[in-house]
Amino acid sequence: MLAYAERIRNLQAAELAQEINGLGDPQDAPGRMVQLAIALGAARNAANNLRAQALLQRVIAQTHPPALALHPLARLLLAQQAESRRLEEQAERLSQQVRDGQRRIEQLNERLEALRAIERSLPQRPVLSAPSAAAPAGTQRR
């Protein structure tokens, strides 16, 4: 199974689709279900991942010796797919946060530019001279 997974990992999308179609319906053969789950998982899309998870759960539900031998691998693949899905969801959330941040930055830049335009349109104020250092005549100390 590991050799099969390694071979599948290196396939291009079209070749992978052919492999999935070639495996067809695995019926209740645990080895073929795991192979199909590996191929579907390599395709990296939500529908195929759900189908792969269902196949792996079917393998885990089987209790005859060929299926029992594949239970550890099926559990590992299920855990790997769950982690992959969690990471994809996290990446999507982060991507959305970045998009929201970029939009907010653009809005703030537009406001800043509008304020600058208003500032440029205002007439210049005359510069006031600093008050003199000497106090007025009536306020001298005694």
Side-chain angles (χ1 to χ4, degrees), residues 1-136 138-141:
M1 284 297 168
L2 294 177
Y4 179 77
E6 181 66 22
R7 185 175 72 78
I8 290 298
R9 187 176 69 84
N10 295 319
L11 293 180
Q12 299 297 320
E15 297 168 324
L16 187 57
Q18 285 180 330
E19 180 69 22
I20 291 169
N21 290 334
L23 288 170
D25 182 14
Q27 304 294 325
D28 281 337
R32 290 192 45 136
M33 284 192 281
V34 171
Q35 282 181 321
L36 183 56
I38 290 170
L40 290 167
R44 300 236 184 249
N45 73 43
N48 284 345
N49 285 341
L50 290 174
R51 187 173 165 208
Q53 289 173 355
L55 287 168
L56 293 168
Q57 289 169 348
R58 280 178 48 200
V59 170
I60 291 172
Q62 293 179 349
T63 58
H64 55 284
L68 290 174
L70 292 171
H71 280 190
L73 178 59
R75 283 191 295 273
L76 175 69
L77 291 171
L78 272 173
Q80 182 184 30
Q81 287 185 350
E83 180 67 10
S84 177
R85 186 177 63 247
R86 184 188 70 76
L87 291 173
E88 287 171 4
E89 289 170 358
Q90 183 180 18
E92 180 57 36
R93 279 192 307 273
L94 290 173
S95 178
Q96 182 61 43
Q97 288 175 353
V98 167
R99 287 190 300 270
D100 291 345
Q102 289 292 339
R103 188 173 54 249
R104 180 79 174 136
I105 288 170
E106 289 172 9
Q107 289 172 344
L108 290 173
N109 280 334
E110 288 172 4
R111 287 182 182 176
L112 182 60
E113 192 54 43
L115 287 172
R116 286 180 180 154
I118 291 170
E119 187 178 61
R120 285 189 298 268
S121 70
L122 292 176
Q124 294 288 4
R125 291 188 205 177
V127 177
L128 297 176
S129 61
S132 67
T139 60
Q140 292 181 357
R141 286 183 167 183

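When reading the values below, keep in mind they use all heavy atoms of this one structure, side chains included, and skip hydrogens, waters and symmetry mates. Here the structure is a predicted model, which means the values were calculated and not measured. Numbering starts at 1 and runs along the sequence shown.
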Got a sec: does the CD of Gln12 have more than 12 other heavy atoms crowding it under 6.0 Å?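 No, not enclosed.
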
For atom CD of Glu119, is the number of surrounding heavy atoms from other residues, nucleotides or ligands below 6.0 Å larger than 12?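 Not buried by this count: 12 neighbours or fewer within 6.0 Å.
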
If you define the side chain from C-beta out and look only at heavy atoms, does anything of [X] sit under 4.5 Å from [Y]?
| X | Y | result |
| --- | --- | --- |
| Glu19 | Glu15 | no |
| Arg85 | Asn49 | no |
| Gln27 | Arg32 | no |
| His71 | Pro30 | no |
| Asn21 | Gln18 | no |

Only pairs under 3.5 Å count here: list side-chain donor-acceptor contacts from residues 39-47, not counting sequence neighbours, and write none if there are none.
residue : atom : partner : partner atom : Å
Asn45   : OD1  : Ala47   : N            : 3.2
Asn45   : OD1  : Asn48   : N            : 2.8

Taking only residues two or more places apart in sequence, or in another chain, which ones meet Gln90 in a side-chain contact (heavy atoms from CB on, under 4.5 Å)?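 Here the qualifying residues are Arg86, Leu87, Arg93, Leu94.
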
Consider only side-chain N and O atoms of Asp100 and Gln102, and report whether a donor and an acceptor are under 3.5 Å apart.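 Short answer, no.
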
Measuring from [X]:[atom1] to [Y]:[atom2], what's the distance to the nearest 0.5 Å?
| X | Y | atom1 | atom2 | result |
| --- | --- | --- | --- | --- |
| Leu36 | Asp25 | CG | CG | 8.5 Å |
| Gln57 | Arg75 | CD | CZ | 12.5 Å |
| Ile38 | Gln80 | CD1 | CD | 9.0 Å |

Scan the side chains in residues 104-117 for donor-acceptor partners under 3.5 Å anywhere in the protein, sequence neighbours excluded, and list what turns up.
residue : atom : partner : partner atom : Å
Asn109  : ND2  : Ile105  : O            : 3.4
Glu113  : OE2  : Arg120  : NH2          : 3.2

Taking all non-hydrogen atoms of both residues into account, name the closest pair between Leu55 and Pro26 and its distance.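 Nearest pair, atom of Leu55 first, then Pro26: CD2-CG, 4.0 Å.
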
For residues Leu70 and Val59, report the shortest heavy-atom separation together with the two atoms involved.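 Leu70 and Val59 have their closest heavy atoms at CB-CG1, 4.2 Å.
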
So, does Gln62 use its side chain to make a donor-acceptor pair with the main chain of Asp28 at under 3.5 Å?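 Indeed, once roles are kept as given, a pair shorter than 3.5 Å links the two residues.
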
Okay, side chain of Gln81, backbone of Leu78: is any donor-acceptor separation there less than 3.5 Å?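 Between the backbone of Leu78 and the side chain of Gln81 there is no qualifying donor-acceptor contact (under 3.5 Å).
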
